[in-house]
There are 2 protein chains.
Amino acid sequence: MTFIINCNIFTPPKMGIRMSEKRNSTGCQICSFRVMLFNALEEDELYKLNACREQFLIRRGEVICREGEPIESIIYVNQGLIKLHKRVSETRSQIISIARPHDFVGLLSVFSKTKYYYSITAIEDSSVCFISKECILNEIRSNGRFALDIITRMSRITDDVLESKFALSSKNLRGRIAHILLDFADNIYNSNEFRLPVSRREIAELIDMRTENVIRIMSEFRKDRLIRINGHTVEIMNPEMLRKISSAG
Amino acid sequence: MTFIINCNIFTPPKMGIRMSEKRNSTGCQICSFRVMLFNALEEDELYKLNACREQFLIRRGEVICREGEPIESIIYVNQGLIKLHKRVSETRSQIISIARPHDFVGLLSVFSKTKYYYSITAIEDSSVCFISKECILNEIRSNGRFALDIITRMSRITDDVLESKFALSSKNLRGRIAHILLDFADNIYNSNEFRLPVSRREIAELIDMRTENVIRIMSEFRKDRLIRINGHTVEIMNPEMLRKISSAG
DNA sequence: GTCATTTTATGATAATTATCATATCAATAA
DNA sequence: TTATTGATATGATAATTATCATAAAATGAC
């Protein structure tokens, strides 16, 4: 519990699960983070890093870390979706990215900065691991294979954010909506039917649009039978056309 | 010369300078890349990495690497300015970033990808060092302090690109011009008077605008006495107002 | 279940930005 | 030096997007 004090987790009662059996093979199986590290670490290194790790259940809407807070952990998503977001003005925010299962939460700036320049909030009920940044830095210093693995994995996250951002900036509004719907379908849910985890406002914040226009264009897509909307569930009916709209954008 | 074959450098005659005296202290002084590494490497590691390095003079406008080419080097700028750019359509390109002296050229994707997803071109006559990616990866594997240094330095570049991109996307057109002029003044030239190294079209590609609007707004800023333009030289006459325009964006 | 707040939906209007057109100037190559 | 191309400049118009307004539906707290 030593590092968790510096991160504001609000909901009492805390539903944290302390991994009390550090060598328990049952724990080993259910924790994808541990599995992920398996290749780059020796058993004792795995043990050492695991000792710096805490796993928590986070409720939908809970703020995990706020902009300006010191970065003392690397956060990994076992389950759920997490948004990185930044306030732009009194009334506007941007969502930088959505971290999905088996992603690290955050960008590589966690290594070059001491404070978060964004906030982190759970979009849906999630299970995350907090790993002490200091422990990771120590491991990097003494294990180059681990260093490379971390660079590769975390740079992939940052790359995706960057590529998506550049792609979106050359699209018109319809192209952006098409892009984000296809992203959800192809990269998060692997299905053309999914429960949209974010509101129209959050979509707007993710793709740099006004909420009204998100609402409007999704209605239009529904009217044109490109998608079907039933409550929070969206089904893509015409993926080819959506792809065309996205790339023409 | 073994790794340079895989990167298209076109201009004959090649003005490359081969660092023939690998332990020559004169060479050590003029190469900022070598100075940069000093803290993280032992002498023999420095020697080893230096053996994988080639320094070149690149002419303004020369393409250093093209989108789709394999990534086999890490590129470092000793002198000059280098743009990372990507074609969006037949007629449109985006400039991802401009690398300045003492920067690495490229993003952290060089570690997670095998091919460049952007092209690299010299904006002005430049001196760059190509360091074999394989050598760097080997060094990372065996030297955690170096790994950490590389992560930190290269992630800073990627961070800057990301932060700038997000900042720009919430600004209007005037705010973007103000932002980029201040960026040149504060972060590249450290002076309110500088020779603009890029055309209006390139500025447009850098900040997601149409060329005509870049021209128009710079003319307007000149008419309003916020800047003075004389040939390629720009002088910021009213930095406070530019800052206000940039943040109001 | 009630109530307050937020979200979704739609219409109208205003502002911003892109596109098209024309002309002049500057840079480059032969 | 000359011809060509690209860059800069400006005007007019069209398209896109934001903003403002109103209303209905959904959500969350008590």
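To find a chain, count down the sequence lines: A is the first, B the second, and so on, and within it residues start at 1.
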Legend entry - Within-4.5 Å side-chain heavy-atom neighbours: Leu226(B) and Ile245(B): yes
Legend entry - Segment of DNA chain D, first to last nucleotide, that comes within the 4.0 Å heavy-atom reach of chain B: dA7(D) to dA12(D)
Inset, instruction - Look at the side-chain N and O atoms of His232(A) and state whether any lies under 4.0 Å from the OP1 or OP2 oxygen of dT7(C). - result: no
Legend entry - Polar side chain donor-acceptor pair, Ser126(B) to Gln79(B), under 3.5 angstrom: no
Legend entry - Exercise: do Ser97(B) and Asp160(B) side chains pair donor with acceptor under 3.5 Å: no
Legend entry - Main-chain N/O of Glu202(A) paired with Ser199(A) side-chain donor or acceptor, under 3.5 Å: yes
Inset, instruction - Using the six-membered ring wherever Trp is involved, compare the ring planes of His102(A) and Tyr76(A) and label them parallel, tilted or perpendicular (cut-offs 30° and 60°). - result: tilted
Inset, instruction - Measure the distance from CG on Leu196(A) to C1' on dT7(C) and round it to the nearest whole Å. - result: 13 Å
Inset, instruction - Scan residues 213-231 of chain B against DNA chain C and write down, sorted by residue number, each residue with any heavy atom closer than 4.0 Å; if none is found, say none. - result: Asn213(B), Arg216(B)
Legend entry - 4.5 Å side-chain heavy-atom contact, Tyr116(A) and Glu67(A): no
Inset, instruction - Measure the angle between the two terminal helix axes of the helix from dG1(C)-dC30(D) to dA30(C)-dT1(D), five base pairs each, and quote it to 10°. - result: 70°
Legend entry - Sugar-phosphate only, base, or nothing, as touched by Arg92(A) at under 4.0 Å among non-hydrogen atoms: nothing
Legend entry - Ser169(A) versus Gln94(B), side-chain donor and acceptor atoms under 3.5 Å: yes
Legend entry - Passing candidate, salt bridge (Lys or Arg N to Asp or Glu O under 4.0 Å) with Glu163(B), options Lys113(A), Lys165(A), Lys86(A): Lys113(A)
Legend entry - Ile58(A) side chain near Asp125(A) side chain, heavy-atom distance below 4.5 Å: no
Inset, instruction - Measure across Ile236(B) and Leu181(B) and return the closest heavy-atom pair with its distance rounded to 0.1 Å. - result: CD1-O, 3.8 Å
Inset, instruction - Send over the distance from Arg201(B) CZ to dC25(C) C1', rounded to a whole Å. - result: 17 Å
